[in-house]
Number of protein chains: 2
Amino acid sequence: MAHHDLQAVSQQCGDCPIRHRAVCSRCEADELARLEQIKYYRSYEAGQTVIWSGDRMDFVASVVTGIATLTQTMEDGRRQMVGLLLPSDFVGRPGRATAAYDVTATTDLVMCCFRKKPFEEMMQTTPHVAQRLLEMTLDELDAAREWMLLLGRKTAREKIASLLAIIARRDAALKPKSAKGGIVFDLPLTREEMADYLGLTLETVSRQISALKRDGVITLEGKRHVIVPDFDRLMEQTGDDSDGGYLN
Amino acid sequence: MAHHDLQAVSQQCGDCPIRHRAVCSRCEADELARLEQIKYYRSYEAGQTVIWSGDRMDFVASVVTGIATLTQTMEDGRRQMVGLLLPSDFVGRPGRATAAYDVTATTDLVMCCFRKKPFEEMMQTTPHVAQRLLEMTLDELDAAREWMLLLGRKTAREKIASLLAIIARRDAALKPKSAKGGIVFDLPLTREEMADYLGLTLETVSRQISALKRDGVITLEGKRHVIVPDFDRLMEQTGDDSDGGYLN
DNA sequence: CGCAAGGTTGAATCGAGTCAATACATGTGG
DNA sequence: CCACATGTATTGACTCGATTCAACCTTGCG
């Protein structure tokens, strides 16, 4: 595989791409200076495992670029994704020695890691890190509960539509606002990963994507590139309230 | 209905039954005094709705006694429980004006409510409340993720067995340790509530409970009183790892 | 090229849902 | 006290959506 320039990320918190959203977003200059001292970057290639559930974990981290997943696995191999980690999301739990879930890089990934011991000390002494972490954890809890509704009560078609809507919405928020012609994005997950996320099999995922395509709700270019001509039309397929009240 | 003596709960934090586990558990005497000033108790009868999703919510609260549920509902009536609130659990989100979920009392319920505005101020000024709330929220997030595995990947029988195991484990932790003869407890939920919790229909819940009874995994006395003669036997039915590593 | 990984599609199966009848306990009012 | 309504639970018969198993397609790469 070609040479990866993953380390080409600023080592300076000041111009870090996730500076304003991550666990450090509330920090003052002096707090940032302390964080700089205990941080280091790590890169992973797409497909690599970051940590296995049960492994000792001597750091916590923020995703800087790329996408990672949290998954749980049963003995017989059944897998359920329980978190999708995007840039600025936090990994690890202060006060816990071992990882509770498998963490895997689904794309090339850069993480900003903090040594656990000093990070925990900072949590005690400076309020801004802990405050932000609480806020982020509450957001994650809301997302998890939204996901519980999806897993417990939605049909396969609704699950797929919901996932597409979430990815589309996130992409739309980042991009400068593409043409009205429709929302366009790339799926960051394989069919199997989508299945693990949605509590389905990969065959069902494939079938339902084909069905949405057949019904004109989406268009595909290749396997991963999705065009949503009418976002409201997609939302109708999710089973959610029309106003899509994801954020308060 | 007979007169309820629900207010017969100490108004003094010092001898509150959840003093050592709730959001206030880390507080010093002076902090407790501040909390006392902004707190008030509210009682609800079994079946009553505490708050509707979307309603304005001018307090946060701890469950003192009884059990409440958090549920999400889709327009067409499909319901999914997303949280089960036991004594010491926290309700509400600082920094949010409206409730995100329906909260319902499934048993008679007493809550210790804090006026939201002053509680949020305390979160800023005293670290102990925020620290404990972060810890509790992280625990809830772990529980939610455990539940996502159940909802997404377990069979109906495994779901029922898992729920029974959770209730049994919780009860065993509270009780002085009943006879080795087996664990005994009462189901705090109706069949329908169990179904909403597990992402099933109430008929399937009923059938699977009957099946577990038929197979000798549990014994029923009446509809709600459960006897588990062999806890390991029950655990085998849950699909989880044998060592049942729920707590680190 | 030829293989591997990812993806699609079909046919058969099965687990859980749906609809419906019945049981059982509790409570109410005549 | 009985008749009746109500809420909760059980059970059966049938249906249907998703899984399983399998074949096949597509793409990229050593």
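In what follows, chains carry the letters A, B, and so on, assigned in the order in which the sequence lines appear, proteins first and then strands, with residues in each chain numbered from 1.
Closest approach of A:S62 to A:A22, counting heavy atoms only: OG-CB, 4.1 Å. In terms of heavy-atom proximity, A:S162 sits nearest to A:D240 at OG-OD2, 4.4 Å. Summarising the geometry of B:A165 relative to B:M235, their closest heavy-atom pair is CB-SD, 3.9 Å, with the distance given to 0.1 Å.
One interatomic measurement links the two molecules: CG of B:L220 to C1' of D:dT10, which rounds to 12 Å at whole-angstrom precision. As rounded to whole Å, 13 Å separates atom P of D:dC25 from atom NZ of A:K223. In this structure, CD of B:E192 is placed 9 Å from P of D:dA9, rounded to the nearest angstrom. Rounding to whole angstrom units, CG of residue B:L202 and P of D:dG12 are separated by 16 Å. Nucleotide D:dA9 holds its P atom 17 Å from the CD atom of B:E221, rounded to whole Å. Counting to the nearest Å, the P atom of D:dT10 and the CZ atom of B:R224 are 10 Å from each other.
A donor-acceptor contact under 3.5 angstrom links the side chains of B:R157 and B:Q237, judged on distance only.
In this structure, A:R233 CZ and A:L212 CG are separated by 9.0 Å, a value rounded to the nearest 0.5 Å. With rounding to the nearest 0.5 angstrom, the CD1 atom of A:I183 is 8.0 Å from the CG atom of A:L234.
Contacts between chain A and DNA chain C, taken as any atom within less than 4.0 angstrom of a protein heavy atom, begin and end at C:dG7 to C:dA11.
Listed by first and then second residue, the salt bridge (charged side-chain N to carboxylate O under 4.0 Å, His left out) pairs that reach into residues 184-203 of chain B are A:R153-B:D196, B:R79-B:D196, sequence neighbours excluded.
Nucleic acid contact for A:S206: base, since at least one base atom lies under 4.0 Å from a heavy atom of the residue.
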* To do: Take nucleotides 16-23 of chain D nucleotide by nucleotide from the 5' end and write B, S or -, depending on whether a protein heavy atom sits under 4.0 Å from the base, only from the sugar-phosphate, or from neither.
  => --SBBB--
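The aromatic rings of A:Y40 and A:F59 sit perpendicular to each other, their planes meeting at more than 60°, with 30° as the lower class boundary.
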